[in-house]
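Letters go in sequence order (proteins before strands), and every chain restarts at 1. Please read all numbers here as calculations on a predicted model, not as lab measurements.
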Amino acid sequence: MPPMDDISHILAPLNDAQREAVTASGGNRLVLAGAGSGKTRVLVHRIAWLIQVEHAVPWSLLAVTFTNKAAREMRGRIEEILQQPLGGMWVGTFHGLAHRFLRAHWQEANLPQHFQILDSEDQQRLVKRLLKEMQLDESRFPPRQVTGFINAQKDEGRRPEHLDDGGDFFQRKLIEVYYAYEAACARGGQVDFAELLLRAHELLRDRPDIRHHYQQRFAHILVDEFQDTNAIQYAWLRMLAGERDNLFLVGDDDQSIYGWRGAKVENMQRFQRDYPNTQVVRLEQNYRSTGHILKAANALIANNPSRLGKNLWTSGGEGEPILRYAAFNEVDESRFVVERIRRYITEEGYRRDECAILYRTTAQSRLFEEALLNAQIPYRVYGGLRFFERAEIKDAMAYLRLVANPDDDIAFERAVNNPPRGIGLRTLDSLREQAREARGSLWRAARDLTGSGALPPRAAGAVNQFLGLIQKHQACARDLNLEALTRDLIAAAGLAEHYRKEKDGKGQDRIENLEQLVETARRFRHEMGWDYEVPAIDGADGTRPDQAGGAVAGGVPSGPGNPTDIPAGNPEGGYTQGNNTEGNADDNTEGPVPLDKSDLNAFLALAALEAGDTQADDSEDAVQLMTLHSAKGLEFPIVFLVGVEEGLFPHSLSAQDPSRLEEERRLCYVGLTRAKQRLFICHAEKRRIHGSEDYFFPSRFLSEIPAELLQEIRGGGISRPYSYGRSDNFLTASTMPARVGSNQGRSGITSATPTDTGGFRLGQRVRHPKFGEGVVLSSEGLGAAARIQINFHDAGSKWLVLAYARLEPLG
DNA sequence: AACTTCGGCTTTTTT
DNA sequence: AGCCGAAGTT
């Protein structure tokens, strides 16, 4: 341990508030860390402080994050500042840590030793199958909603037996599905994401011996992004902390944007009630953005009534004004943004990756991609399918899963006739039927039926062949390493051949991805995995302090077509490859390593828990495109916040409910605070959405930003007052050409017959005495029959009879 | 059993 | 407009 005088590197880079948090001793701490206030730095330095100054052993520390990326980054930064590897410290995601915990205590948790993890897609498939078996109509019980119901219950810590249908038919059925779902998971030895947390919590709750063991072990528990915890995660933390008052929670209630998936901002207030001795530290000095940007963000978020309260400030300058662009339509918007980016790159020397385009919904990326493509500016879109979520990878993984556990029905259904081998619906139905009757797995049903001659010979042959394929690999799994098993299985199943024949252009990509999978398996080594050793609970020191490291396994590919890439590299740089054993493993290949069953299982767990990156090649300097959600935690010198329109942002599905509207506002706050130097806010007056064209008001969020901080840019250099009148789309009886034919829309003309609009123009703003302000969408009919469609700001879109509607033109 | 077409639906995303 | 699932066709 370095001497006391060697702590300047821990404290020197900190401001007073940060230092207060880092050096706190005794008691719980809640750090309210505003955007850009050095939240991660505080966590990292706190841990360094605990180890170097308070002489805490890494083994007695627990640090929890939400994403694997954050966990990797934190571990890397701690190791960097300490200049030593963090052996036994538990750093990971809630799910990752719960998984590790359950692996160690599978018996006590009443799980099979080699339980598998279901990802969301698997879960959805299972629910679908159950709905079908229970003969519930999918239109009345949409699988998505049913899955959502089950997950929401688990997130709240509720088992089906805790639920009451309240006499409601739907509720009763949902509970029945939940029961059936649990039974199916138990039969297949499977655990979904929420189950990891719930089981881990229940185990701590029900087993005082285990609970005390961990309570004793963890002297300090640190949590990042605390505002994103759900009920069960919070309960789990409390359980682990016990009476030790050893919680160090970092979060920002203003950046809570995952309420829709169970996160509870309330946990921040609740924590202060549950632990009245908690000391709160506010980090309000922002090191990221200009004064104007911070003022805008502060003003915006002030509109949210339920806040803990915080005000960001900077010692830096005010910076440039925020620029606002009212685009005519979405194409104009994308052209504007790309033109500006082009100028920043070519005229001001910015790198491409210093520019980010942030949007509310993924669908919005397309136009920007097109415009960037046109301008020949490289870009990178975040989000979308990750490596282990790709269909071909899941196909191959289904075979691996069956080798590990033949009772995995979800894998069975996926693999059995893919590639097609003559096992059709009829055959599958009889397998399902048999499985249901025998209350066993499909695998067993298949063995029963092929043995008893109950299947038609042809089907029986095909099923037998499939069974043989899996069995053969189960047998030789002992002699093969993971890589060989994966490669052989893909070949024997005929997957690559199958994709080769695929006629759409994706076949080649898919084959490359399968090759990448084999490569990933090759790199995956036992020593990268987890230490599943069962701690001796009654012993003073059950887990080996030096061994438990590497909560985050290496080897997840960052995407296709880049076999030599360094996996999971940190684009922000600054961290050494730390726990990433990969580099070494690559170079000292010691010949074929025999496959340990836990090797295969660790690989399967990795695939589920850490699905890999979305895209290859972070190395190329490219403009960054992402949703606001995925932008959290990032920063860019130049930010374009686009599609800032009422109905899109806030999204129409959230605008009604006050609490969801607040969350939208927080999302906007997150967006604004991503910008370091320049911020553009764009909205389109007219936008094609879901196939039809609509008029939009600028978002209310725009009007919540003080006008003096905003400067409007006029389109195409033409100075024109901001109004909806820019539309070239006049639709009055006199100017409207009589058109025949069906190719409407192209020129923006939405009706082919002459109509009477009473002098109102399409896109014109109007006021109605009852419905308030709105925009003319379209019209039909003549004279007394003339009707006009208005999209009202508050009341939505309505058809009104012109003769009666007392409409007053605006603007 | 495999291929084709039609119809409904459409936020955000990590584990 | 596009994606997915379900029904209809070959």
Notebook entry, point to check: Thinking salt bridges, do A:Arg159 and A:Glu195 make one under a 4.0 Å N-O criterion?
Noted result: yes
Note to self: Nearest whole Å is fine: how far is C:dC4 C1' from A:Arg125 CZ?
What the structure shows: 12 Å
Next item on the list: Please report, rounded to the nearest Å, how far the C1' atom of B:dA2 is from the CZ atom of A:Arg421.
Entry: 16 Å
Check: Base, sugar-phosphate, or nothing: which does A:Leu425 touch, judged by heavy atoms less than 4.0 Å apart?
Finding: sugar-phosphate
Show which side-chain atoms of residues 454-467 of chain A pair as donor or acceptor with protein atoms under 3.5 Å away, not counting sequence neighbours.
none

Checklist line | side chain to side chain contact (heavy atoms under 4.5 Å, CB included) partners for A:Glu389, two or more places apart | finding: A:Leu385, A:Arg386, A:Ala611
Margin query: At 4.0 Å (heavy atoms only), tell me whether A:Asn417 reaches a base, stays on the sugar-phosphate, or touches nothing.
Written below: sugar-phosphate
Check: Does anything in residues 130-146 of chain A pair up under salt bridge (Lys or Arg N to Asp or Glu O under 4.0 Å), and if so which pairs, sequence neighbours excluded?
Finding: A:Arg129-A:Glu133
Check: Checking all strands, does A:Arg366 fall into the base, sugar-phosphate, or nothing category for heavy-atom contacts under 4.0 angstrom?
Finding: sugar-phosphate
Check: Taking only residues two or more places apart in sequence, or in another chain, which ones meet A:Tyr258 in a side-chain hydrogen bond (donor to acceptor under 3.5 Å, both in side chains)?
Finding: none
Notebook entry, point to check: Residues in side chain to side chain contact (heavy atoms under 4.5 Å, CB included) with A:Asp155, at least two apart?
Noted result: A:Ala194, A:Asn230
Notebook entry, point to check: Along nucleotides 7-15 of chain B, 5' to 3', which nucleotides get a B, which get an S, and which get a -, given that the test is a protein heavy-atom distance under 4.0 Å?
Noted result: ---BBBBBB
Checklist line | By side-chain hydrogen bond (donor to acceptor under 3.5 Å, both in side chains) - contacts of A:Glu645 (at least two apart) | finding: A:Arg687
Item checked: Set of side-chain hydrogen bond (donor to acceptor under 3.5 Å, both in side chains) partners for A:Ser652, sequence neighbours left out -> none
Note to self: So if I define the base as every atom that isn't primed, P, OP1 or OP2, how would nucleotides 5-10 of chain C read as a B/S/- string at a heavy-atom cutoff under 4.0 Å?
What the structure shows: SS----
